[in-house]
Amino acid sequence: MKRRKMLKILRLTPAFVGLSCGKDFPDAPTIVTGEVIDEAGAPVSGVLFILLGTKNSGLGSVSIFKETDESGINGKFHIEKVIPNDSKTTELLPADNEFYTFGLTHNIFLKKGDQYIILGNSIPIVPDKYGMTLIYRFKVVKK
């Protein structure tokens, strides 16, 4: 009798595990927007931002989406993406281009509260924020 119950449980376990692992993210796009200024508070154009998503693949992860935008003459940027359900991580990062090489020619700071702190890496976007509008303010300083 115990053996039958155990076999029944074992047959149900894989189906249950498969259903419990998935997460449905919102169908609404995650909107990442913001502005970039210089030391004097003037808008900065030409700063490249990347919204990057990865998923699990074997022992590592692979990129599954990459959305980009550059700050315009008003210093503003705007990226929208519906985050796929198989996303492992999503992050926003300023990227080097022909105008800016962060850490070498320029530093980039992220506004936190009423002060700017140097941005060392990317900004993680957590699943609780998917489907929302996220606003960031940056300052670019020439070295």
Side-chain angles (χ1 to χ4, degrees), residues 2 5-143:
K2 283 186 180 182
K5 282 185 180 180
M6 186 60 95
L7 289 174
K8 195 173 188 179
I9 290 169
L10 289 174
R11 279 188 296 224
L12 293 175
T13 301
F16 175 73
V17 169
L19 290 174
S20 66
C21 288
K23 174 153 174 77
D24 288 331
F25 296 140
D27 291 334
T30 300
I31 300 169
V32 180
T33 187
E35 65 180 339
V36 186
I37 60 170
D38 64 13
E39 291 175 271
V44 175
S45 64
V47 178
L48 176 65
F49 290 93
I50 299 173
L51 184 66
L52 183 67
T54 64
K55 73 174 185 174
N56 288 334
S57 177
L59 297 176
S61 60
V62 294
S63 176
I64 55 172
F65 68 85
K66 179 180 175 182
E67 303 289 332
T68 64
D69 193 27
E70 259 185 25
S71 58
I73 59 170
N74 61 359
K76 298 185 187 255
F77 68 94
H78 182 97
I79 303 171
E80 289 187 33
K81 178 68 180 172
V82 174
I83 307 300
N85 283 334
D86 59 347
S87 294
K88 175 185 172 193
T89 63
T90 302
E91 58 189 339
L92 175 70
L93 57 145
D96 296 341
N97 60 17
E98 64 268 21
F99 307 112
Y100 303 99
T101 306
F102 296 111
L104 187 60
T105 63
H106 294 81
N107 284 325
I108 189 161
F109 296 81
L110 172 65
K111 188 168 189 180
K112 291 268 188 165
D114 59 350
Q115 62 183 332
Y116 285 90
I117 58 167
I118 194 156
L119 184 63
N121 292 314
S122 62
I123 300 168
I125 312 263
V126 296
D128 290 350
K129 300 293 183 185
Y130 293 175
M132 302 175 105
T133 298
L134 308 171
I135 302 169
Y136 297 99
R137 300 202 182 342
F138 295 93
K139 184 189 292 185
V140 171
V141 177
K142 188 171 184 165
K143 283 187 146 188

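Model, not experiment: these values are computed from the prediction.
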Show which side-chain atoms of residues 95-120 pair as donor or acceptor with protein atoms under 3.5 Å away, not counting sequence neighbours.
{"unit_1": "Asp96", "atom_1": "OD1", "unit_2": "Phe102", "atom_2": "N", "d": "2.8"}
{"unit_1": "Asn97", "atom_1": "OD1", "unit_2": "Phe99", "atom_2": "N", "d": "2.9"}
{"unit_1": "Asn97", "atom_1": "OD1", "unit_2": "Tyr100", "atom_2": "N", "d": "2.9"}
{"unit_1": "Asn97", "atom_1": "ND2", "unit_2": "Gly46", "atom_2": "O", "d": "2.8"}
{"unit_1": "Tyr100", "atom_1": "OH", "unit_2": "Ser45", "atom_2": "O", "d": "3.2"}
{"unit_1": "Thr105", "atom_1": "OG1", "unit_2": "Thr101", "atom_2": "N", "d": "3.1"}
{"unit_1": "Thr105", "atom_1": "OG1", "unit_2": "Thr101", "atom_2": "O", "d": "3.3"}

Side-chain donor/acceptor pairs under 3.5 Å, residues 131-142, sequence neighbours excluded:
none

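Rounded to the nearest 0.5 Å, atoms CD1 (Ile83) and CD1 (Ile64) are 8.0 Å apart. Of the inter-residue distances, the one linking Asn56 atom CG with Asp86 atom CG reads 9.0 Å to the nearest 0.5 angstrom.
Pairing each heavy atom of Val82 with each of Asp27, the nearest pair is CG2-O, 3.4 Å.
Scanning for side chain to side chain donor-acceptor pair (under 3.5 Å) contacts around Ser87 gives an empty result, with sequence neighbours left out. Thr90 is linked by a side chain to side chain donor-acceptor pair (under 3.5 Å) to Tyr130, counting only residues two or more places apart in sequence or in another chain.
Among pairs with a residue in residues 63-74, none fulfils side-chain hydrogen bond (donor to acceptor under 3.5 Å, both in side chains), at least two apart in sequence or across chains. For residues 60-90, the set of pairs meeting the ring pair (Phe, Tyr, Trp, His ring centres under 6.0 Å) definition, not counting sequence neighbours, comprises Phe49-Phe77.
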